[in-house]
Visitor: 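Have a look at this one.
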Amino acid sequence: MTFGQSVSTCFRNYCCFTGRASRSEYWWWVLFTAIIGILFSIPYGINMAKAIAEGTEPGLPVISYIVNLVLLLPTLGVMFRRLHDTGRSGWWWLIGLIPVVGTIVLLVFLLQPSQPYDNQYGPVPEN
């Protein structure tokens, strides 16, 4: 799956927590959200530097909060589908809330290859 296909698939499946997502779909989406996060944090950083130089309070990064909220559901959805693709329940994402160890375990789950056959969550995703 290409970068563009992944982004369009994740937006098309905006609140979809069923089915499966390939490894490439998930990691291209992660790259997309990282790029968007960086792009929206740059203006806030500039505003903060200006506020510090002038001795004033920087404003809240409202637009960044809105963008993060918009991207939250598709991010959780693609993570659920990625975990389904490895044969696990989507609720395994909660293990990532455990500091350090949980994050490492979740990362290992997300890096594992897809099950090459249909599983209880659906057919093998097409790339």
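It should be emphasised that the depicted structure is a prediction, and the values quoted were computed from it without experimental measurement.
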Visitor: Using 0.5 Å steps for rounding, measure from the CZ atom of F3 to the CG atom of L31.
Guide: 5.0 Å
Visitor: Rounded to the nearest 0.5 Å, what separates atom CG in L71 from atom CD1 in I36?
Guide: 7.0 Å
Visitor: Do the side chains of L73 and Y14 get nearer than 4.5 Å, heavy atoms only?
Guide: yes
Visitor: Tell me if a side-chain donor or acceptor on N13 pairs with a main-chain N or O of G77 at a distance below 3.5 Å.
Guide: no
Visitor: Salt bridge or not between E25 and R81? Use side-chain N to carboxylate O under 4.0 Å.
Guide: yes
Visitor: Can you confirm whether or not the ring centre of F109 sits under 6.0 Å from the ring centre of W93?
Guide: no
Visitor: On a heavy-atom basis, which atom in M79 and which in L106 lie closest, and how many Å separate them?
Guide: SD-CD2, 4.2 Å
Visitor: Is it true that atom CD of E57 has more than 12 heavy atoms of other residues, nucleotides or ligands lying nearer than 6.0 Å?
Guide: no
Visitor: Quick check: is L97 connected to V30 through a chain of hydrophobic side chains (ILVMFWY, heavy atoms under 4.5 Å apart)?
Guide: yes
Visitor: Can you check whether P116's main-chain N or O pairs, donor with acceptor, with S114's side chain at less than 3.5 Å?
Guide: no
Visitor: One pair to check against side chain to side chain contact (heavy atoms under 4.5 Å, CB included): T75 and T33. What are the steps and the verdict?
Guide: CA-CA 8 Å; T75 300; T33 57; 3.9 Å; yes
Visitor: Return the minimal non-hydrogen interatomic distance between P125 and A21, and the atom names on each side.
Guide: CG-C, 4.1 Å
Visitor: Just by modelled atom types, is the T2 backbone N or O under 3.5 Å from a matching donor or acceptor in the S6 side chain?
Guide: no
Visitor: If you look at every heavy atom in V78 and C10, which pair is closest and at what distance?
Guide: CG2-SG, 3.6 Å
Visitor: When rounded to the nearest 0.5 angstrom, what distance separates CZ in R82 from OG in S24?
Guide: 8.5 Å
Visitor: Would you give the length of the straight line joining atom CD1 of I95 to atom CD1 of I104, rounded to the nearest 0.5 angstrom?
Guide: 11.0 Å
Visitor: Tell me whether V70 shares a hydrophobic cluster with V67, the cluster being built from Ile, Leu, Val, Met, Phe, Trp, Tyr side chains joined at under 4.5 Å.
Guide: yes
Visitor: Does some side-chain heavy atom of N119 sit less than 4.5 Å from a side-chain heavy atom of H84?
Guide: no
Visitor: Please determine, by modelled atom types, if Q112 and R88 share a side-chain donor-acceptor pair under 3.5 angstrom.
Guide: yes
Visitor: Would you say that more than 12 heavy atoms from the other residues, nucleotides or ligands in this model lie under 6.0 Å from the CH2 of W27, or not?
Guide: yes
Visitor: Starting at CG of L110, measure out to CG of D85 and round the result to the nearest 0.5 Å.
Guide: 10.5 Å
Visitor: Could you check whether any side-chain N or O of N68 sits under 3.5 Å from a backbone N or O of S64, counting only pairs where one atom can act as donor and the other as acceptor?
Guide: yes
Visitor: Is I63 reachable from I38 through a run of hydrophobic residues whose side-chain heavy atoms are each under 4.5 Å from the next?
Guide: no
Visitor: Once you round to the nearest 0.5 Å, how far does CZ of F40 lie from CD1 of I35?
Guide: 12.5 Å
Visitor: Quick check: is Y44 connected to Y65 through a chain of hydrophobic side chains (ILVMFWY, heavy atoms under 4.5 Å apart)?
Guide: no
Visitor: Are T9 and M1 close enough, and set up right, to give a side chain to side chain contact (heavy atoms under 4.5 Å, CB included), and what steps lead you there?
Guide: CA-CA 10 Å; T9 300; M1 181 171 281; 4.0 Å; yes
Visitor: Aromatic contact between W29 and Y26, with the criterion being ring centroids under 6.0 Å apart: yes or no?
Guide: no
Visitor: According to a 4.5 Å side-chain heavy-atom criterion applied to Ile, Leu, Val, Met, Phe, Trp and Tyr, with indirect links allowed, do L83 and Y121 form part of one hydrophobic cluster?
Guide: no
Visitor: If we ignore hydrogens and angles and just use 3.5 Å, is the side chain of S41 paired with the main-chain N or O of G37 as donor and acceptor?
Guide: yes
